[in-house]
Amino acid sequence: MPTVIFQLPDGTERKVIAVSGTVLMQAAVSGGVAGIVAECGGNASCATCHVYVDSAQAELVGPPNDVEDEMLDFTAAERRPTSRLSCQIHLSDALDGLVVHVPEEQV
Amino acid sequence: MSALTTAAPGAPVVELDLAELRRDPYPAYAELRRTAPLAWVPSVGRHLLTRYDDIVHAEKLPEVFSSREEGSLLLRTVGPNMLREDDPDHRRLRAAAEPPTRPRQVRDQWAAAFERTAHKLLDRIAGRGEGDLIRDFAEPLVAANLALVLGLRNASADDIADWSRAMMDGNSNYADDPDIWLRAERATRAIEEAVAEMAEVTRREPDGSVISSMVHAADPVELAEIQNNVKVIIGGGVNEPRDVFGVGAWALLQRPDALDRALKDPSAWKRVFEETARWISPIGMYPRQLTQDYEIAGVTLPAGSRVALVIASGNRDESVFERADEFDLDRPHRPHLAFGGGPHFCMGAWVARHEVSAIAWPLVFSRLKGLRLDDGATASDSGSAAGSLDGWVFRGLTSLDVTWQATA
């Protein structure tokens, strides 16, 4: 049961206890994290669940897959080196304490 | 599970006149949101779900709000297809068809040809000084683009537009008119032949199109599945980008400040697109059928209940969008529902965004100088009462008559 932390654009943060084996986007949606829109429900076709992984943990999370890499070029907020689609980050206990930053815009 | 064709116990029953809904559905939706956010509407034969939050909730539960609807006219018109499937079958077909519609493919593979086609159509009409931007420009443009992306090199833009119209008429043939069925069947047979021919060609020479992508999918797809899904894409792929183009152009021609802004700052076209799709959504609703008993909007729907997710209403929900009836490029950013949500999120979204907001609007407004609406083509600010706006399941302008300074 990893705990993940969403840093919101207004400076506040939301802690969500997630379920191993699910994806970060699901943790955000079930935890009611504002700013994670996830229009396509996790199919990497809308680019509206964009997050910036905290740079200290970027290596732990790993790089985007090919389809995700393409979608990340078309996010509403700027793409940065640690940009990921949260629907493509699979959670496990190894990611306990993961910190991600939610961008200002998703659409 | 069999489809229930009556009101769920406890659901309010609201009589709505279909002709009035076609003319202007928004007053009825506002009333439903206020008084009966889940209502059984006998003339539609479904429960209408009209509030933003409830629609989003339903979209996120595809295992409850199933896309498999019994007695669907779409199934009768085109046969089994991904729009009326749930995962994993939906996912298999979508994954096979989707790669050519992803945004990088649109930009790198299709955009230059989209632009050439737009210029060609404008070359043809620029000297005239007057025309109908739907018939003379938007429809042939999006139909030609669709033929290209699908890989139907053996079909003309006119073929695509005609087939689309014939199938859309079939999908809404609630009156069971035999002539409409006959036209739809002719169209679907012609599509089957065209797809079979191109599937054979792309089997030997892949060309990056949707047909080619499905032929070479890692998870095998049969020819009949390719044929039926191409039919569905043709059915929806013409009217949606055409209608968002038409409504957006019409909105801007009545709002010189907004138009001026887009002309000075091309990044604003993206906002025009999203606001247009929210304001008058090209797809107004889509059906779902309950797989289990489920409570939503204060009513427990039994398994088998038929529901319409009325996204056109969700997009006018005042609790989410202030002054929701107004077209406003500066409204606070909230996601609209026009592309649907969940696994069925519109596959053509990136194609439509690019062809309309990056190509069609900028070229039309820069090349046709002094563009203005013909007398009579203006409407109230709510966008509700324009004479040529029509439809509630699908809604758009049937014509957009304009004049401009003719060029040699």
Side-chain angles (χ1 to χ4, degrees), chain A residues 6 8-10 16 18-19 21-52 63-79 83-88 90 101-107, chain B residues 53 55-63 65 67 82 86-88 90-95 97-109 267 270-271 273-275 277-278 311 320 331-351 353-354 357-358:
Chain A
F6 295 88
L8 303 179
D10 65 4
V16 179
V19 180
T22 61
V23 294
L24 183 62
M25 178 276 285
Q26 283 168 314
V29 170
S30 57
V33 175
I36 299 292
V37 176
E39 281 178 335
C40 76
N43 291 293
S45 45
C46 69
T48 62
C49 67
H50 180 202
V51 292
Y52 303 118
N65 60 48
D66 287 349
V67 170
E68 182 187 355
D69 178 56
E70 171 172 353
M71 299 307 296
L72 285 168
D73 279 351
F74 296 88
T75 50
E78 61 161 346
R79 179 176 186 170
S83 282
R84 292 289 311 267
L85 294 184
S86 56
C87 70
Q88 303 298 305
H90 293 269
H101 302 263
V102 178
E104 288 274 356
E105 285 186 345
Q106 295 285 8
V107 182
Chain B
D53 288 346
I55 294 166
V56 170
H57 184 85
E59 283 177 333
K60 291 203 187 321
L61 286 172
E63 64 278 13
F65 291 84
S67 297
M82 64 172 126
D86 296 325
D87 288 351
H90 159 263
R91 189 67 222 146
R92 175 178 62 89
L93 296 164
R94 169 95 180 218
E98 189 175 47
T101 67
R102 289 199 193 116
R104 193 181 287 163
Q105 296 303 311
V106 172
R107 185 190 62 196
D108 297 347
Q109 194 174 348
S267 70
K270 203 174 152 232
R271 289 295 313 139
F273 186 97
E274 302 304 331
E275 175 63 352
R278 180 203 69 81
I311 56 177
V320 178
R331 69 174 54 259
H333 230 126
R334 292 296 306 270
H336 63 69
L337 308 177
F339 288 128
H344 291 273
F345 176 77
C346 176
M347 199 179 91
W350 298 98
V351 175
R353 281 178 170 140
H354 196 84
S357 68

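In what follows, chains carry the letters A, B, and so on, assigned in the order in which the sequence lines appear, proteins first and then strands, with residues in each chain numbered from 1. Since this is a predicted model, take the numbers as computed values, not measurements.
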Please check if the number of heavy atoms outside A:E78 that lie under 6.0 Å from its CD is greater than 12.
yes

From CZ (B:R353) to CZ (A:F74), nearest 0.5 Å:
11.0 Å

Show your working on side chain to side chain contact (heavy atoms under 4.5 Å, CB included) between B:Q105 and A:E70 and close with a plain yes or no.
CA-CA 9 Å; B:Q105 296 303 311; A:E70 171 172 353; 4.3 Å; yes

Checked B:G342, B:P62, B:G340 vs chain A; the most non-hydrogen pairs under 4.5 Å come from B:G342

Distance from A:D73 atom CG to B:R102 atom CZ, nearest 0.5 Å?
13.0 Å

Flag the one option from B:P99, B:P103, B:G341 with the top tally of heavy-atom pairs under 4.5 Å to chain A.
B:P103

Roughly how far, to the nearest 0.5 Å, is the OG atom of A:S45 from the CH2 atom of B:W350?
9.0 Å

Under 4.5 Å to a heavy atom of chain B? For A:D69 that would be both

With respect to chain B, which residue among A:G41, A:C46, A:A47 yields the maximal number of heavy-atom pairs within a distance under 4.5 Å?
A:C46

Portion of A:N43 that has a non-hydrogen atom of chain B nearer than 4.5 angstrom
both

Count the heavy atoms belonging to other residues, nucleotides or ligands that lie under 6.0 Å from CG of A:D10, then report whether that count exceeds 12.
yes

Select, from B:R107, B:H336, B:E59, B:E274, the one with the greatest count of heavy-atom pairs under 4.5 Å involving chain A.
B:R107

Got a second to check how far B:R334's CZ is from A:Q106's CD, nearest 0.5 Å?
13.0 Å

Nearest 0.5 Å, what's the OG1-CZ distance between A:T48 and B:F339?
11.5 Å

Engaged part of A:E105 at the chain B interface, taking heavy atoms whose separation is under 4.5 Å:
side chain

